[in-house]
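In what follows, residues are counted from 1 in the order of the sequence shown.
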Amino acid sequence: MVDGRRQFALRIARAAGVVPAVLSLIEGRGEALPRGEEADFAILDAALVIEHHAVALYDAGLKRGLFPAGLRNYAVEFRGDHVGHRDTQIAISEERGGRPPEARAHYDLGPLEPGDGFVRQALQIELAAQEAYTALISRVDTRDYLLSAAFILVDEVRHMTVWRRVLGFRIY
């Protein structure tokens, strides 16, 4: 499953045109990314791409009734978290003079299966986000973005934990 989520995160990042230096970190090649505002913008943009994708996935699931009825409240909450992550990251970028990537008009979400199948898709985006934030957070130099990214990482792990538990997967 690790390879699957890594490929998912990479596919999202590549589709959005994330800079090669950030892709190398997500890929695990660990090439040095110089510290500073330019690197922080690249990292912020990469994370923002995943947040846009997550919002699109949750929107699709909620609009089409793909989440099991008893889990809809979690989906609404997690969608709201991703919207908050997105808006916070956009604000940080714009305050610093950046041009954050906008959401795409269309996302290739693959086949959308109701029930546990869709919960697995939600888990996949949460795993990809958690992995990306974990890989990138140690490279962030700007204090306010570092703090924001740390809080976002906690949310991603919380989302991932809930969906893993719902699906009967081991948490630890």
Side-chain angles (χ1 to χ4, degrees), residues 1-61 75 77-94 96 98-104 107-110 119-164 169 171:
M1 186 165 204
V2 170
D3 286 338
R5 74 176 179 247
R6 178 171 289 129
Q7 292 306 315
F8 180 74
L10 289 171
R11 182 172 53 86
I12 293 168
R14 283 187 191 115
V18 171
V19 296
V22 173
L23 283 174
S24 72
L25 287 171
I26 296 172
E27 288 172 337
R29 290 187 279 132
E31 294 177 13
L33 185 63
R35 290 191 176 267
E37 194 143 33
E38 185 178 334
D40 285 357
F41 278 133
I43 291 167
L44 183 62
D45 289 352
L48 186 54
V49 166
I50 293 173
E51 296 297 346
H52 283 312
H53 192 103
V55 170
L57 181 73
Y58 278 94
D59 279 348
E77 177 185 343
F78 296 171
R79 181 204 175 273
D81 290 343
H82 287 291
V83 168
H85 301 163
R86 178 200 66 199
D87 293 349
T88 298
Q89 291 175 353
I90 288 171
I92 290 170
S93 181
E94 288 176 345
R96 298 192 174 292
R99 295 180 52 179
E102 294 183 14
R104 296 170 63 191
Y107 287 89
D108 179 10
L109 301 175
V119 172
R120 280 187 184 86
Q121 273 188 278
L123 174 59
Q124 190 177 34
I125 192 76
E126 300 299 350
L127 290 168
Q130 179 269 322
E131 187 169 285
Y133 279 103
T134 299
L136 299 174
I137 197 168
S138 66
R139 309 289 196 228
V140 173
D141 198 39
T142 306
R143 186 177 173 90
D144 60 343
Y145 181 52
L146 180 61
L147 182 60
S148 173
F151 281 113
I152 291 170
L153 178 58
V154 169
D155 277 347
E156 303 302 356
V157 171
R158 181 173 55 88
H159 300 169
M160 178 186 76
T161 302
V162 168
W163 293 142
R164 286 183 63 82
F169 297 146
I171 296 175

Using side-chain heavy atoms (C-beta onward) and a distance below 4.5 Å, is D81 in contact with E77?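 They are in contact (side-chain heavy atoms under 4.5 Å apart), so the answer is yes.
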Checking A56 now: which residues fulfil side-chain contact (heavy atoms from CB on, under 4.5 Å) with it, not counting sequence neighbours?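 Expected list: Y107.
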Considering all heavy atoms, the nearest [X]-[Y] contact:
| X | Y | result |
| --- | --- | --- |
| Y58 | A122 | OH-CB, 3.9 Å |
| A129 | I50 | CB-CG2, 3.7 Å |
| L109 | Q121 | O-NE2, 2.7 Å |
| V157 | Q130 | CG2-CG, 3.7 Å |

Which residues pass the side-chain hydrogen bond (donor to acceptor under 3.5 Å, both in side chains) test with [X], not counting sequence neighbours?
| X | answer |
| --- | --- |
| H52 | none |
| T161 | none |
| R96 | D144 |

Can you tell me how far the CG atom of L123 sits from the CZ atom of R164, to the nearest 0.5 Å?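 If I round to the nearest 0.5 Å, the distance is 6.5 Å.
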Salt bridge (charged side-chain N to carboxylate O under 4.0 Å, His left out) contacts touching residues 47-56 (sequence neighbours left out):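 Listed once each, the pairs would be none.
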When you look at H85 and L48, which way does the side-chain contact (heavy atoms from CB on, under 4.5 Å) test go after all the steps? CA-CA 8 Å; H85 301 163; L48 186 54; over 6 Å; no
Would you confirm whether E156, through its side chain, and A132, through its main-chain N or O, come within 3.5 Å as a donor-acceptor pair?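 No; judged by distance alone, with no hydrogens or angles, the pair does not exist.
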Got a donor-acceptor contact below 3.5 angstrom from the S93 side chain to the Q89 backbone?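 Judged by distance alone, no pair lies under 3.5 Å.
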Among all residues two or more places apart in sequence or in another chain, which pass the ring pair (Phe, Tyr, Trp, His ring centres under 6.0 Å) test with H159?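 Only F78, H82 meet the ring pair (Phe, Tyr, Trp, His ring centres under 6.0 Å) criterion with H159.
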Which residues share a salt bridge (Lys or Arg N to Asp or Glu O under 4.0 Å) with [X], sequence neighbours left out:
| X | value |
| --- | --- |
| D87 | none |
| E94 | none |
| R86 | none |

Qualifying ring-ring contact (aromatic ring centres under 6.0 Å, His included) pairs with a residue from residues 126-151, counting only residues at least two apart or across chains: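 ring-ring contact (aromatic ring centres under 6.0 Å, His included) check on residues 126-151 returns no pairs.
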